[in-house]
S.K.: 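The following block contains the structure, expressed as structure tokens.
Heavy atoms only: backbone and side chains are in, while hydrogens, waters and symmetry mates are out.
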Amino acid sequence: MTETREAPTTSKKPVKGILTEAELKRLGLSIEQSRTKMAEWRQERNKLIAMFSQRVDDKTPINLMHMAIDIYLRTLVPKNPAVMVSSDYQKLAVDAARMQESINNTIERIDFHSDLSMTTLDAMFGIGITKTGLAAGDNLNEADGDRVPMGSAFADHQPFDEMLFDMNATNYERDSQFIGNYYEMDFDDFREDPLFSASAKQQAEPMSRRATADPYKTSDIAGEEDGPRSDDFREKIELLDVYVVKHRCVVTFDAGRAQWHKPLRETPYDGPPSRLGPYKLLSFSDIPGNAKPLSPAEILQYLHDLANRLFNKLSRQAEREKTVTGYRPGMEGDADRLRDAEDGEMISMQDPTAIQEHHFGGPNQVTLAFVMVIKDLFSYVGGNLDALGGLSPMSGTVGQDRMLEKSASKRMDAMQDRVLKHVKRVTFDLAYHIYGDPLVTERIARRLPGYESIQVEDYFGPENRTADFLMYNFDIDPYSMQDHSPSTQLQILTQTVQQYVVPLMPLMQAQGVNINVANLLRRVSELASVRKFDDLIMFSDRLAQGEAEPTDPEARPMKAPNTSRTYTRINRPGATNSQKTEAMIQHLLGNRQQPAQQATMTRAVA
């Protein structure tokens, strides 16, 4: 269990007696029942993670589960999101721009991409959780181990094993009465923390064993066990933060002692309005009347398991395969001469038909064909993974491949929409905590509207945060979370020049607009990773300073009045993976094929 920050609070301090003694008793009973019910859920989840991580008893020669989830993650969370802040009030436009820069700077500073990736990965097996708030002290950042100053906004991924859900709810977002998480804290830091009262510090004890220890934790997959904690370098205490929906407060317990009637702290939650307080949940498929969602890994697990069991069966058959030479009794002399003969050597034999080579065993061809069908089914059920992951061409032309990719991404669009909604809720909380901080002034670099290449130094402080927070609008740029590789950027740049710049060149020149060819070529060389590009083209001083050469219409090179071009189209046969698989299946099943179909198996992938 990693160290996490304390209960997310703002300016409010702990208050005694928010919950009555009877409410604390009922809450403790619900906590115990929910922990017991979650054990079965953890067990099912561990089986899925074992498939993903290849920590299973049987061999996993083709880890289809890992391939699918890796494709999903690379598509859904390639980089940090970009927040867009606006306001319907013109007088707040500048402050909205300042807030936008401040939030995006915070996202970069806390490395939100790492936490979002882990939250999305958890959602692949069930539910992903992000916890937001203000750091109540100098606690360790889970992502990189840096100290976080008191009062800094954070958005941390919460491991599922450390979560506590209200298992009596039929929908966690709407019906939960409480939600919480376990975390560890240095016992010395706990005693020095001013947010805990003297009586709370007196009743608490260092933990000797994790309260969350159960036989179905993810760490068990790697062989780690929750044993006694006497070997820790520093004594720890395990705490449990429980957010109570009715009272909008966070109640902190000593998880090791489980004295539910004696909480260590009760703190009013002063964060943004949200039913689950600081906790934001992410899942990808809901089940009517069931709080537990259907995860992508659950959908794919049976095909993954079936493919590997059959492949292991084929492997065992291949290992048992034998080729032996048999001879009739009395032909020992011929057999010895044949055994000792070199390749191509001539030997005398009394009866060549008395010695024959025999083949036994080997992979079953029908089973092998079935495995190929399962592989294609896995890609189909996963939303056309071959197209999403760029694993192979799906058709004979580039245009058709792009159409297939757009069609395949419809499922990804639905998953992306859920991730964007989750990110929007998290960044809204971050903005709320940043905006409500009465002390911190952040230095930002703001771009001037209409002059995007110019940056000015600016500040975002309490004097810019006097308006009502809800007067601002928050959104996530959906394209900010797409992975634009250098090759993709080069393709976009090329299309822009061909489709817009070149056709509009006469109109641009008539309006006095010229293209800076030197900077264009430099940009192309950067994106194409071409070194020493300046050695190939000589740039004049005026172009190096960003000045365009004047255009003289009379100095333009004359075009020939008549030109002729010859277009030659060469058709080279190729094949897609699906075509090769289909041809191989037909061959293994012994079906007759046309010569063109047979040739498909030996062709390179187009």
S.K.: Assess whether atom OH of Tyr472 is packed by more than 12 heavy atoms of other residues, nucleotides or ligands within 6.0 Å.
M.R.: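 Yes, OH of Tyr472 has more than 12 neighbouring heavy atoms, counting only those of other groups under 6.0 Å.
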
S.K.: Indicate the atoms forming the closest heavy-atom contact of Asp254 with Glu205, along with that distance.
M.R.: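 Where Asp254 meets Glu205 most closely, the heavy atoms are OD2-N, 3.5 Å.
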
S.K.: Is the closest basic N to carboxylate O distance between Arg425 and Glu173 below 4.0 Å?
M.R.: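 Yes.
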
S.K.: Please test Phe428 against Tyr435 for ring-ring contact (aromatic ring centres under 6.0 Å, His included), starting from the C-alpha separation and ending with a verdict.
M.R.: CA-CA 10 Å; Phe428 182 85; Tyr435 195 80; over 10 Å; no

S.K.: Pro293 versus Ile127: any side-chain heavy-atom pair under 4.5 Å?
M.R.: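 A side-chain contact under 4.5 Å exists here.
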
S.K.: Restricting to side chain to side chain donor-acceptor pair (under 3.5 Å), what partner residues turn up for His247, sequence neighbours left out?
M.R.: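 Testing His247 for side chain to side chain donor-acceptor pair (under 3.5 Å), a comparison that skips the adjacent residues, returns Glu23.
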
S.K.: Could you list the residues that satisfy salt bridge (Lys or Arg N to Asp or Glu O under 4.0 Å) with Asp166, not counting sequence neighbours?
M.R.: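 Checked Asp166 against salt bridge (Lys or Arg N to Asp or Glu O under 4.0 Å); zero matches.
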
S.K.: Side-chain contact test, heavy atoms from C-beta onward, threshold under 4.5 Å: evaluate it for Ser152 versus Ile110 and give yes or no.
M.R.: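 No, every pair of side-chain atoms sits at 4.5 Å or beyond.
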
S.K.: Are more than 12 heavy atoms, taken from residues, nucleotides or ligands other than Gln259, located less than 6.0 Å from that residue's CD atom?
M.R.: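 Yes, the 6.0 Å shell around CD holds more than 12 heavy atoms from other groups.
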
S.K.: Is there a donor-acceptor contact under 3.5 Å linking the side chains of His422 and Thr130?
M.R.: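 Short answer, yes.
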
S.K.: As an exercise, state the distance from CZ of Phe52 to OG1 of Thr60, rounded to the nearest 0.5 Å.
M.R.: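 Separation between the atoms: 12.5 Å.
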
S.K.: For Met163, does its backbone N or O pair with a side-chain atom of Gln158 as donor and acceptor, under 3.5 Å?
M.R.: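 No; judged by distance alone, with no hydrogens or angles, the pair does not exist.
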
S.K.: Checking the side chain of Gln100 only, and the main-chain atoms of Val85 only, is there a donor and an acceptor separated by less than 3.5 Å?
M.R.: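 Checked: pair present.
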
S.K.: So does Phe165 get a backbone contact from the side chain of Ser34, meaning a donor-acceptor N/O pair under 3.5 Å?
M.R.: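 Side chain of Ser34 to backbone of Phe165, a donor-acceptor pair under 3.5 Å: yes, one is there.
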
S.K.: Who are the side chain to side chain donor-acceptor pair (under 3.5 Å) partners of Arg418, not counting sequence neighbours?
M.R.: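 Arg418 satisfies side chain to side chain donor-acceptor pair (under 3.5 Å) with Asp286 only.
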
S.K.: Do the side chain of Asp186 and the main chain of Asp189 share a donor and acceptor less than 3.5 angstrom apart?
M.R.: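 Judged by distance alone, no pair lies under 3.5 Å.
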
S.K.: For a side chain to side chain contact (heavy atoms under 4.5 Å, CB included) check, start with the C-alpha distance between Met415 and Met412, then their side-chain angles and the critical distance, and finish with the verdict.
M.R.: CA-CA 5 Å; Met415 298 176 71; Met412 291 304 302; 4.0 Å; yes

S.K.: Any idea which heavy atoms bring Ile69 and Ala297 closest together, and the distance?
M.R.: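 Looking at all heavy atoms of both residues, the shortest contact is CD1-CB, 4.4 Å.
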
S.K.: Between Gly128 and Asp122, which heavy-atom pair has the shortest distance, and what is it?
M.R.: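 Between these two residues, the closest heavy atoms are CA-CB, 3.8 Å.
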
S.K.: List the residues meeting salt bridge (Lys or Arg N to Asp or Glu O under 4.0 Å) with Glu108, not counting sequence neighbours, and say none if there are none.
M.R.: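 Checked Glu108 against salt bridge (Lys or Arg N to Asp or Glu O under 4.0 Å); zero matches.
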
S.K.: Can you measure from OG (Ser283) to CG (Leu294) and round to the nearest 0.5 angstrom?
M.R.: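 Ser283 atom OG to Leu294 atom CG measures 10.0 Å (nearest 0.5 Å).
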
S.K.: Evaluate the side chain to side chain contact (heavy atoms under 4.5 Å, CB included) criterion for residues Tyr183 and Thr252: first the C-alpha distance (whole Å), next the side-chain angles of each, then the deciding distance (0.1 Å), finally the verdict.
M.R.: CA-CA 11 Å; Tyr183 62 97; Thr252 304; 4.2 Å; yes

S.K.: Taking the six-membered ring for Trp, are Tyr279 and Tyr243 closer than 6.0 Å centroid to centroid?
M.R.: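 That pair fails the under 6.0 Å test.
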
S.K.: Hey, does His157 have a side-chain heavy atom less than 4.5 Å from the side chain of Leu116?
M.R.: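 A side-chain contact under 4.5 Å is absent here.
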
S.K.: Distance-only, no hydrogens or angles: does the Asn308 side chain make a donor-acceptor pair with backbone N or O of Ile62 under 3.5 Å?
M.R.: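 Side chain of Asn308 to backbone of Ile62: a pair is present.
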
S.K.: Just by modelled atom types, is the Gly289 backbone N or O under 3.5 Å from a matching donor or acceptor in the Thr170 side chain?
M.R.: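 Not confirmed, Thr170 side chain does not pair with Gly289 backbone.
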
S.K.: Just verifying a value: how many Å separate Asn105 CG and Ile434 CD1, rounded to the nearest 0.5 Å?
M.R.: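 Interatomic distance, Asn105 CG to Ile434 CD1, rounded to 0.5 Å: 9.0 Å.
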
S.K.: Between Met65, Met51, Lys47, which is the residue that forms a side chain to side chain contact (heavy atoms under 4.5 Å, CB included) with Asp305?
M.R.: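 Single pass found, and it is Met51.
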
S.K.: Please indicate whether Arg275 has more than 12 foreign heavy atoms, meaning atoms of other residues, nucleotides or ligands, lying under 6.0 Å from its CZ.
M.R.: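 Counting other residues, nucleotides and ligands, CZ of Arg275 exceeds 12 neighbours.
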
S.K.: Which residues pass the salt bridge (Lys or Arg N to Asp or Glu O under 4.0 Å) test with Asp95, sequence neighbours left out?
M.R.: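 Scan of Asp95 (salt bridge (Lys or Arg N to Asp or Glu O under 4.0 Å), adjacent residues dropped) gives Arg98.
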
S.K.: Closest heavy-atom contact between Leu303 and Ile374?
M.R.: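 Heavy-atom minimum between the residues: O-CG2, 3.8 Å.
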
S.K.: Do you know the tightest heavy-atom contact between Glu298 and Ser295?
M.R.: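 Heavy-atom minimum between the residues: OE1-N, 3.0 Å.
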
S.K.: When you look at CD of Gln202, are more than 12 heavy atoms from neighbouring residues, nucleotides or ligands closer to it than 6.0 Å?
M.R.: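 No, the 6.0 Å shell around CD holds no more than 12 heavy atoms from other groups.
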
S.K.: Report the C-alpha distance between Thr427 and Ile107 in whole Å, list the side-chain angles of each, state the deciding distance to 0.1 Å, and finish with yes or no for side chain to side chain contact (heavy atoms under 4.5 Å, CB included).
M.R.: CA-CA 8 Å; Thr427 53; Ile107 288 175; 3.8 Å; yes

S.K.: With the side chain counted from C-beta on, respond yes when Val426 and Phe112 share a heavy-atom pair under 4.5 Å apart, and no when they do not.
M.R.: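 They are in contact (side-chain heavy atoms under 4.5 Å apart), so the answer is yes.
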
S.K.: Begin with the C-alpha distance, continue with both residues' side-chain angles, and end with the deciding distance and a verdict on ring-ring contact (aromatic ring centres under 6.0 Å, His included) for Phe125 and Phe160.
M.R.: CA-CA 10 Å; Phe125 306 102; Phe160 180 84; over 10 Å; no

S.K.: Salt-bridge test for Lys131 and Glu162: reply yes if a basic N is under 4.0 Å from a carboxylate O, no otherwise.
M.R.: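 No, no charged N to carboxylate O under 4.0 Å.
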
S.K.: Indicate yes or no for a side-chain donor-acceptor contact from Arg265 to the backbone of Ala200 under 3.5 Å, with no hydrogens or angles considered.
M.R.: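 No, the answer is negative, given that no donor and acceptor are paired below the 3.5 Å cut-off.
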
S.K.: Find the distance between NZ (Lys236) and CZ (Phe187) and round it off to the nearest 0.5 Å.
M.R.: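 The distance works out to 13.0 Å.
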
S.K.: A side-chain contact here means heavy atoms from C-beta on lying under 4.5 Å apart; do Leu19 and Leu27 qualify?
M.R.: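 Of all side-chain heavy-atom pairs linking Leu27 with Leu19, at least one is under 4.5 Å.
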
S.K.: Is the closest basic N to carboxylate O distance between Glu235 and Arg191 below 4.0 Å?
M.R.: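 Here Glu235 does not pair with Arg191 in a salt bridge, since their nearest N and O are not under 4.0 Å apart.
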
S.K.: Give the C-alpha distance, both sets of side-chain angles, the deciding distance and a yes or no for side chain to side chain contact (heavy atoms under 4.5 Å, CB included) between Met124 and Thr120.
M.R.: CA-CA 6 Å; Met124 293 295 168; Thr120 308; 4.1 Å; yes

S.K.: Using a 4.5 Å cut-off on heavy atoms from C-beta on, say whether the side chain of Arg35 contacts that of Ile31.
M.R.: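 Ile31 reaches Arg35 side chain to side chain.
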
S.K.: When you measure from the side chain of Asn312 to the backbone of Lys59, do you find a donor-acceptor pair of N or O atoms at a distance under 3.5 Å?
M.R.: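 At least one qualifying donor-acceptor pair exists.
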
S.K.: If we only count heavy atoms from C-beta on, is the Val244 to Glu266 side-chain gap below 4.5 Å?
M.R.: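 Side-chain contact under 4.5 Å: no.
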
S.K.: Please round to the nearest 0.5 Å and tell me the distance separating atom CE of Met167 and atom CD of Gln33.
M.R.: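 Rounded to the nearest 0.5 Å, the CE-CD separation comes out at 11.5 Å.
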
S.K.: Between CG of Leu134 and CG of Leu430, what distance do you get to the nearest 0.5 Å?
M.R.: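 Output value for this atom pair is 9.5 Å.
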
S.K.: Any non-hydrogen side-chain atom of Pro263 less than 4.5 Å from a side-chain atom of Phe253?
M.R.: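 Heavy-atom side-chain distance check passes, below 4.5 Å.
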
S.K.: Is there a donor-acceptor pair closer than 3.5 Å between any side-chain N or O of Asn104 and the backbone N or O of Ala82?
M.R.: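 Judged by distance alone, no pair lies under 3.5 Å.
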
S.K.: Does atom CZ of Phe469 have more than 12 heavy-atom neighbours, drawn from other residues, nucleotides or ligands, at distances under 6.0 Å?
M.R.: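 It does: Phe469 CZ has more than 12 such atoms within range.
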
S.K.: Could you work out, with side chain to side chain donor-acceptor pair (under 3.5 Å) as the rule, every residue matching Lys313, not counting sequence neighbours?
M.R.: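 With neighbours one apart ignored, the set is empty.
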
S.K.: Taking Ser379 for the side chain and Lys375 for the main chain, is one N or O donor matched with an acceptor at less than 3.5 Å?
M.R.: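 Answer holds: no.
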
S.K.: Parallel, tilted or perpendicular: which fits the ring planes of Phe190 and Phe196, with parallel below 30° and perpendicular above 60°?
M.R.: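 Tilted, since the angle between the ring planes falls between 30° and 60°.
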
